[in-house]
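Treat the numbers as computed from the prediction; the structure is a model and nothing was measured.
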Amino acid sequence: VVLVVIGIGMTVWLIHRQNEEKIKQTLTDFVAKINERNYEEMYQKATAINMSQEDFITKNKNIYEGMDSSNITVQISKIEKQNNEYQIAYHEKMYTAAGEVEFDNTVIVVKEKGENKLKWSPSFIFPQLGENEKVRVSTIKAKRGDILDRNDKKLATDGMILSAGIVPGKLGENKEQNIAKIAELTGVSEEYINQQLQASWVKEDTFVPIKKLTQSNTVVKEALLQVPGIMVNTEEGRVYPLGKEAGHLIGYVQDINAEELAEKEGKGYHTNSVIGKSGLEKAYEETLRGIDGTEIYITDANGNKLSEIKKQSKKEGQNVKLTIDASLQTKIYQQMEKDKGFFVVMQPITGELLALVSTPTFDSNDFVVGMTTKQWEELNHDSNQPLYNRFIQKYCPGSTFKPITGAIGLTTGKIDANEDFGYTGTSWQKDSSWGNYQVTTLTGYKGAKNLLNGIIHSDNIYFAQTALKIGADSLVENLHKLGFNENIEFPLTLAKSQYASQNGNQIQGETKLADSGYGQGSILVNPIHMASIYSAFANGGSMIKPYLEYDESKAQSNQRGEIFKPDVFSSEVANTIKEALIQVVENKEGTANDMKINGTTIAGKTGTAELKASSEDTNSGTLGWFDCFTVNRADGNDWLIVSMVENVQDNQDGGSHYLIKKIRTLF
């Protein structure tokens with residue numbers, strides 16, 4: 001008898017436990033539907049609702065989405081059975097635009113037609129929410145920080161943009177023709193315009209936004225205002241005063257997308273937030289972004305505030321001041337806007353980056369106001385690659401690499417600066433084992449085949465022989481000391497400079513080693529890294545770390561900046577290379593003699609890089625380089641310039657001399 005009683009008791013207990021689990025599941029399933037924004041199924045899983053399905057969906061949608069709720073969870077603390085009902089006590093947490101909200105609440109679960117349903121009332125959303133009361137969300141906009149140049153000129157700021165829209169009741173009798181004209185002027189499809197006009201909230205006198213425009217786009221604005229029904233308002237937006245002149249450097253912001261919002265959950269972003277998408281706007285997002293102030297509260301039917309749910313004070317974004325000189329940035333862009341190439345200008349002693357230009361480029365303002373599909377397709381498929389940021393990539397440096405080979409040769413003791421290698425002619429090979437392969441140089445010259453003449457005349461043969469004397473292992477070891485195959489700390493991600501094929505760590509074979517000596521082979525260098533290497537020739541052998549954030553104390557003292565790689569060359573070696581580079585400009589036979597400017601001492605190196613896949617390749621382009629730095633300018637404002645232009649094979653000036661003409665205009 002005892003066993004029977006125990007068995008019955010156990011069965012009753014198991015049934016009770018199963019019922020409780022089902023009751024718990026009713027609540028957790030309902031909360032899951034809120035997280036999924038599935039308000040229709042919420043309605044189906046609830047009972048005793050004192051409103052229509054349409055009103056229920058509207059109310060829940062407006063409240064939950066209005067306060068940007070997400071990640072709603074419940075922790076059940078107690079279940080009590082009362083007749084045929086179960087009362088659940090639980091603790092709820094949710095993330096909102098104002099931060100995390102949590103509260104204790106209770107809800108009733110009943111069985112209706114064999115299915116467990118939740119007895120819903122507005123107090124389920126918040127315990128203090130009554131039948132005729134409303135949840136309000138008030139946002140206090142925080143300002144995004146400005147990006148400034150070294151002279152406090154704004155490169156990115158919160159300003160005003162134009163919003164072109166339609167007032168439906170004023171489109172007139174020729175409604176279809178007017179919509180077609182608006183579509184033509186804005187680049188927005190007629191289908192999109194009609195969809196906007198047919199939205200449920202639109203009335204005859206409603207302003208329906210169609211297209212944002214920059215303040216400077218006066219031509220389109222004036223043309224639009226001639227069309228009946230058009231109204232142009234102003235609204236707040238991100239503004240980029242330099243536009244194309246600093247597109248790749250500054251980047252742009254846009255509305256946050258769902259993936260980014262999920263990734264940034266808990267960090268103060270909401271569905272109406274903007275976020276840095278590229279360039280420094282993205283790199284300095286955490287510094288620049290403002291966190292909007294948000295208050296969630298309950299009002300009565302007349303709008304009177306009854307209670308506060310959650311309040312978060314706004315936090316203004318911080319400004320970022322750069323070492324960039326906007327005036328210099330603009331001058332360089334104007335020189336390069338029709339070319340494919342880049343300019344890096346750095347102060348060689350301090351490491352301050354004064355200009356970073358990549359062309360062709362884009363106008364950051366266009367991304368903020370929004371591009372049409374046609375505009376985006378044109379930009380994305382342009383063969384000139386305006387979206388490609390060239391100064392963060394890596395390229396074959398050609399002859400601008402020769403001073404580096406020479407400096408390594410001197411440092412390792414493998415060459416003597418005055419040694420005459422003694423060859424003649426404009427082609428050379430080590431021996432017959434090279435087969436048909438020969439190193440060629442452009443022009444012959446009289447005089448010793450030594451380091452100075454090799455640099456002055458940009459002699460490929462001299463530097464091919466130097467590389468062979470250094471040896472592959474020693475060259476690789478010393479390139480590592482210069483930062484090759486290494487990530488450089490920088491706000492933007494820079495491509496790693498390399499000396500071997502992708503992911504390789506060896507220079508394969510004598511001919512590849514010889515080619516590496518004059519900047520061909522598999523040598524690829526990032527332009528900003530190249531500026532750092534050349535800075536070692538300007539200041540006695542240590543590589544300066546390039547930097548972008550302005551530092552008042554550093555700028556005023558004009559003292560040597562942070563060292564990236566100390567003593568990569570001795571001061572003697574650095575000065576030997578520097579003096580040779582000065583002669584490239586000063587000497588009448590120097591390859592950059594056209595860069596000579598009276599009253600200014602300039603050390604420089606020309607370079608032409610052939611992008612041939614083989615000796616038979618005639619289709620690949622040629623890069624023109626010119627790297628230079630001023631020496632002890634009277635005003636103390638020395639520049640180190642690394643510049644490149646693509647596809648110079650058909651340029652009568654040659655790439656380097658084409659660049660020299662542009663650089664001379666900067667002085």
Side-chain angles (χ1 to χ4, degrees), residues 332 335-336 339-346 348 355-359 388-407 441-442 454-460 463 482 484 494-495 497-499 515-538 546 577 580-582 584-585 590-595 602-612 620-630 639-664 666:
I332 293 171
Q335 290 293 323
M336 290 288 290
D339 298 302
K340 292 193 287 184
F342 62 72
F343 260 74
V344 174
V345 183
M346 186 177 86
L356 289 172
V357 177
S358 172
T359 54
Y388 187 70
N389 186 351
R390 287 165 167 81
F391 62 72
I392 66 172
Q393 307 302 329
K394 56 188 174 185
Y395 300 88
C396 180
S399 295
T400 60
F401 192 75
K402 290 172 181 174
I404 300 171
T405 304
T441 196
L442 190 61
I455 289 179
I456 289 174
H457 297 280
S458 198
D459 184 351
N460 290 347
F463 288 99
L482 297 177
F484 277 70
L494 305 180
S497 298
Q498 67 181 62
Y499 50 79
D515 288 344
S516 299
Y518 54 93
Q520 292 281 165
S522 296
I523 300 287
L524 298 174
V525 186
N526 169 264
I528 295 174
H529 184 203
M530 181 68 98
S532 180
I533 296 172
Y534 263 63
S535 75
F537 304 137
I577 299 297
L581 293 174
I582 290 172
V584 171
V585 177
T591 56
N593 184 243
D594 49 338
M595 187 65 228
I602 297 174
K605 186 69 194 78
T606 55
T608 303
E610 296 182 347
L611 307 180
K612 292 183 177 181
S620 297
T622 301
L623 309 179
W625 287 73
F626 187 62
D627 299 349
C628 67
F629 56 90
T630 59
W639 290 347
L640 190 160
I641 300 173
V642 174
S643 59
M644 186 274 286
V645 64
E646 298 178 19
N647 299 327
V648 298
Q649 58 272 16
D650 300 322
N651 191 320
Q652 61 181 6
D653 290 325
S656 300
H657 302 285
Y658 180 73
L659 289 166
I660 285 171
K661 286 182 178 180
K662 297 178 181 299
I663 293 170
R664 287 182 64 93
L666 305 178

*Between Thr622 (side chain) and Glu610 (backbone), is there a donor-acceptor pair under 3.5 Å?*
no

*asked:* Strictly distance-based, threshold 3.5 Å: is any side-chain N or O of Tyr499 a donor or acceptor partner for the main-chain N or O of Ser516?
replied: no

_Tell me if a side-chain donor or acceptor on Thr400 pairs with a main-chain N or O of Lys605 at a distance below 3.5 Å._
no

*For the student: nearest non-hydrogen atoms of Pro527 and Val344, plus distance*: CB-CG2, 3.8 Å

*Can you name the closest pair of heavy atoms from Ala407 and Phe537 and give their distance?*
CB-CE2, 3.8 Å

*Sidechain-backbone polar pair: Ser643 side chain, Phe626 backbone, donor-acceptor under 3.5 Å*: yes

*Check whether any side-chain N or O of Ser497 sits under 3.5 Å from a backbone N or O of Asn526 as a donor-acceptor pair, and report yes or no.*
yes

_Non-hydrogen side-chain atoms of His529 and Phe484 separated by less than 4.5 Å_ = yes

*Quick one: does Tyr388's side chain get under 4.5 Å of Gln393's, heavy atoms only?*
yes

*Reported OG-to-NZ distance for the pair Ser656 and Lys661, which is rounded to 0.5 angstrom*: 13.0 Å

*Taking the six-membered ring for Trp, are Phe342 and Tyr395 parallel (under 30°), tilted (30 to 60°) or perpendicular (over 60°)?*
tilted

*Do Ser458 and Ser399 meet the criterion of a side-chain donor-acceptor pair at a distance under 3.5 Å?*
yes

_Residue pair Gly406 / Ile577: nearest heavy atoms and the distance that separates them_ = C-CD1, 4.1 Å

*asked:* Using the rule given for side chain to side chain contact (heavy atoms under 4.5 Å, CB included), can you reason through Ile392 versus Leu356, listing the C-alpha separation, both sets of side-chain angles and the distance that settles it, and then say yes or no?
replied: CA-CA 10 Å; Ile392 66 172; Leu356 289 172; over 6 Å; no

*Note, Thr359 side chain near Ile332 side chain (heavy atom, < 4.5 Å)*: no

*asked:* If you compare all heavy atoms of Pro403 against all heavy atoms of Tyr534, which two are closest, and at what distance to 0.1 Å?
replied: CG-OH, 3.5 Å

*Taking the side chain as every heavy atom from C-beta outward, state whether Tyr518 and Thr405 have any atom pair closer than 4.5 Å.*
no

*Sub-4.5 Å side-chain heavy-atom contact between Val645 and Tyr658*: yes

*Rounded distance (nearest 0.5 Å) linking atom CD1 of Ile663 with atom CE of Met595*: 6.0 Å

*Evaluate whether atom CG of Leu442 has more than 12 neighbouring non-hydrogen atoms of other residues, nucleotides or ligands under 6.0 angstrom away.*
no

*Between Arg664 and Asp594, is there a donor-acceptor pair closer than 3.5 Å when you use the side chain of the first and the backbone of the second?*
yes

*Could you point out which residue of Asp459, Asn460, Thr606 forms a side chain to side chain donor-acceptor pair (under 3.5 Å) with Lys402?*
Asn460

*Does Trp625 reach the main-chain N or O of Leu659 with its side chain, forming a donor-acceptor pair under 3.5 Å?*
no

_Side chain to side chain, Cys628 and Leu581, heavy atoms closer than 4.5 Å_ = no

*asked:* Let me confirm one number: the CD1-CD1 distance from Ile641 to Ile660, rounded to the nearest 0.5 Å.
replied: 10.5 Å

*asked:* Distance check, rounded to the nearest 0.5 Å: His657 atom NE2 versus Asn593 atom CG?
replied: 9.5 Å

*Heavy-atom distance under 4.5 Å between the side chains of Gln335 and Phe343, does that happen here?*
no

*asked:* If I compare all heavy atoms of Ser535 with all of Met346, which pair ends up nearest, and what's the gap?
replied: CB-CE, 3.8 Å

*Report the distance from atom CD1 of Ile523 to atom CZ of Phe401, rounding to the nearest 0.5 Å.*
4.0 Å

*Calculate, to the nearest 0.5 Å, the distance between atoms CZ and CD belonging to Arg390 and Glu646 respectively.*
4.5 Å

*Between Met530 and Ile404, is any pair of side-chain heavy atoms under 4.5 Å apart?*
yes

*Where do Ala609 and Gly398 come nearest, in terms of heavy atoms and distance?*
CB-N, 3.8 Å

